[in-house]
Amino acid sequence: MNSALVFLAAEGEKENPLIPPWPEVVIGLIAFVIVFGFLAKKLLPTINKVLEERREAIEGGIEKAEAAQTEAQSVLEQYKAQLAEARHEAARLRQEAQEQGAALIAEMRAEGQRQREEIVAAGHAQIEADRKAAASALRQDVGKLATDLAGKLVGESLEDHARQSRVIDRFLDELDQKAEAAR
């Protein structure tokens with residue numbers, strides 16, 4: 001066994017397994033240049049083209065996203081403006097409705113007041129007419145009674161209508177004056 005180790009050690013000094021022989025290095029270098037040249041001529045432009053398309057697609061996507069975001073922002077602003085306008089319109093309509101309601105209430109109150117005044121005036125007129133009718137009827141009844149009584153006291157007949165009216169009027173006027181004095 002010792003002899004085999006010595007043989008390997010002697011041969012290992014001659015050739016290093018980590019360093020390839022020069023002809024293999026030259027052939028490997030030529031093969032590398034050929035493969036690299038082929039890749040540079042055929043594959044590299046395709047790779048660059050695909051990378052450029054991806055870059056343009058990404059930039060286009062970013063631009064589209066920015067445009068969409070700008071459009072969304074403008075739509076949001078329009079929506080907010082429309083919402084504010086709708087709220088303003090609703091407030092205005094509510095205010096108009098309140099004003100119309102108040103005007104309608106005032107109008108109804110005025111109409112009610114007018115009707116009440118008409119009813120009161122009609123009532124007063126009716127009362128006045130009833131009072132005059134009652135006074136006239138009372139005057140006639142009192143006049144007849146007074147004429148009969150005066151005829152009995154005086155002892156003569158007071159059948160004359162003109163005389164009867166004067167006596168009645170004088171008597172009633174005296175009664176009115178006494179009533180006013182008593183108040």
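Along the sequence shown, residues carry numbers from 1. Remember, it's a predicted structure, so these values are computed and weren't measured experimentally.
In terms of the side-chain contact (heavy atoms from CB on, under 4.5 Å) criterion, residue partners of Ile58 (sequence neighbours excluded) are, by chain and number, Ile62. For Glu111, the salt bridge (Lys or Arg N to Asp or Glu O under 4.0 Å) partners at least two apart in sequence or on another chain are Arg114. Remark: Glu59 pairs with Arg55 by the salt bridge (Lys or Arg N to Asp or Glu O under 4.0 Å) rule, at least two apart or across chains.
Contact of the Glu117 side chain with the Gln113 side chain is registered, since non-hydrogen atoms from C-beta on lie closer than 4.5 Å.
In this structure, CG in Leu76 is found 5.5 Å from CD in Gln73, a value given to the nearest 0.5 Å. The structure places CZ of Arg131 at 13.0 Å from CD of Gln126, a figure rounded to the nearest 0.5 Å. Taken from CG in Leu93 to NE2 in His88, the straight-line distance is 9.5 Å, to the nearest 0.5 Å. Atoms CZ and CG, from Phe32 and Leu39 in turn, are 9.0 Å apart once rounded to the nearest 0.5 Å. Separating the CD1 atom in Ile105 from the CD atom in Gln98 is a distance of 10.5 Å, to the nearest 0.5 Å.
The hydrophobic side chain of Leu29 is isolated, with no ILVMFWY side chain under 4.5 Å apart from it. Alongside Ile30, the hydrophobic cluster contains Val26, Ile34 (criterion: ILVMFWY side chains under 4.5 Å).
Pairs engaging residues 67-93 under the salt bridge (Lys or Arg N to Asp or Glu O under 4.0 Å) rule: Glu89-Arg92, Arg92-Glu96 [sequence neighbours left out].
Side-chain atoms of Asp173 and Gln177 include no donor-acceptor pair closer than 3.5 Å.
When the shell of 6.0 Å around CD of Gln95 is examined, it contains more than 12 heavy atoms from other residues, nucleotides or ligands.
Counting all heavy atoms, side chain and backbone alike, Pro45 lies closest to Ala40 at CD-O, 3.4 Å.
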